[in-house]
Asker: 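Submitted below is the structure of interest, expressed as structure tokens.
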Amino acid sequence: MQIQDVFKKIVSHSKEYGFVFQSSEIYDGLGAVYDYGQMGVELKNNIKKYWWDSMTLMYENIVGIDSAIFMHPTVWKASGHVDAFNDPLIDNKESKKRYRADVLIEEHLAKIDDKIEKEVEKAKKRFGESFDEKMYRETNPRIMGYQEERDTIHARFSKALNDSDLEGLRQIIIDCEIACPISGTRNWTEVRQFNLMFSTEMGSTSEGSTKVYLRPENAQGIFVNFLNVQKTGRMRVPFGIVQTGKAFRNEIVARQFIFRMREFEQMEMQFFVPPGEELEWFEYWKAERLKWHHALGFGAENYQFHDHEKMAHYANAATDIEYRMPFGFKEVEGIHSRTDYDLAQHEKFSGKKMQYFDPEKNKSYIPYVVETSIGVDRMFLSVLAASYAEEKLENGETRVVLRLPAQLAPIKLAILPLVRKDGLPEKAREILNSLKFEFACHYDEKDSIGKRYRRQDAIGTPFCITIDHQTLEDNMVTVRNRDTMEQERISIDALRTVIGDQVDMKSLLKKLV
Ligand code: ATP
């Protein structure tokens, strides 16, 4: 299957089976805003639970909060978002389409990388066993040419970003002959800065209203509560505060489904450490977070770190965890060493001390912060992409199956009476009523058993049980495994433990230790 086809299929599968709908679809939708359907919300909640439990249960020095979306407007002055939360934009004069200048250049660099990889792949096939990849990369003239071209563009790109040199960015686009994917022309406007924050008015106009922002990140809600939590929770540095919640960005390049949305959800942790220890903790959290991703079993080769070209205004180290999406390696999570920038800024703007007295060091200081910030929606997309499969069966039919990790699946067990008579539905409901307290079950008696299996495969239900006439005599049911399609008879009494053990979040968390 073509890569782009896979992505299209995931998008239409998401809609067909109630995972993701376009927002306000009956009004033709709202750009880059999506709703989660009956299956999607369960999967999303399970992803959030996996993250939340992994943070708050697995580390004894991490606690959670839930701060409001609206915050005092000075928060965003202090954090730098009012002045510096900008994207460089460029428009194509023919198609009138707007792009992020940095994204256009990054895509161009990725194309050169692709050319290099293709050369290496070709050579690998040609030389077979005796192929020395390192040597080939360093000596093959064509690869060396591509590499040099890439390095030169890359150096200019880094410099332009770091100097906020908008004309420099534009010149790279011109020099690299980057064309608009829609019109195919290179007729570009100037590059301009655009602030990504949404704003609204709070309070009625007669009393005078205040301009407030919809938060573009969760982090500031944690920073302004840093001392509240530290004091009331008697926390000692190093410690972490987590929260999950909505964030809003007026994204310009809003495409690729739920990868880039205007309203999305983040799961963030701010970890407070003594000054000078932040880079060690940065490395620590890089490893911990990668372990969390790997535990899902999607294959270590599908993840990579990508260090930032341009540090945000608050960071002294930053990397992304990228996952191999159907459209290439893309950021799912950011890990940033944010220094003491945010707390120091809040101290300055609020006039309140944001310091911690360290009893071991016997002094007060503003802690440094290492942040891990992961998008729920991007994580959701990566889980779908990793799980979606089309398989040819022995009887010639194809089945679409979501091989979701059982702990994340919206429904854990489908309970299917073989026929709708002879007391089988009653027996099936009896099982449902005893198991529904343990995990998410789904009762289905419509259509042939084959069709019912297909429906459960398509939503990723890891187990189905069928209740047949024999069940009434021996209290045994047939359990069918989604991935292997193997069936075995087991006793009804054993279902709770046999299935429960495999679908329980605990079994995923245990992989982290
Ligand atoms: P990008 O470079 O793709 O715009 P970012 O570096 O601005 O992302 P961060 O500010 O580090 O993103 O946000 C942390 C996480 O929040 C990202 O790793 C991503 O998973 C998620 N995220 C950010 N912007 C969006 C968005 N518009 N839609 C969905 N998720 C997002």
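Along the sequence shown, residues carry numbers from 1. When a ligand or atom number is given, it counts from 1 through the structure's own listing order.
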Asker: Are F257 and Y34 close enough that their ring centers fall under 6.0 Å?
Answerer: yes
Asker: Aromatic ring centroids of H294 and Y303 under 6.0 Å?
Answerer: yes
Asker: Restricting to pairs with a member in residues 368-389, which pass salt bridge (charged side-chain N to carboxylate O under 4.0 Å, His left out), not counting sequence neighbours?
Answerer: R338-E371
Asker: So if I only count non-hydrogen atoms and take anything under 4.0 Å from ligand 1, which residues does that give, chain by chain?
Answerer: R100, R249, E251, F259, R260, M261, F264, Q266, E331, V332, E333, G334, H336, S373, G375, R378
Asker: Do F226 and F272 make the cut of ring centroids closer than 6.0 angstrom?
Answerer: yes
Asker: Give every donor-acceptor pair under 3.5 Å between a side-chain atom in residues 280-288 and any protein atom, sequence neighbours left out.
Answerer:
residue : atom : partner : partner atom : Å
E288    : OE1  : Y59     : OH           : 2.6
E288    : OE2  : K291    : NZ           : 3.3

Asker: Determine which pairs satisfy side chain to side chain donor-acceptor pair (under 3.5 Å) with at least one residue from residues 231-245, sequence neighbours left out, and list them in order.
Answerer: S67-Q243
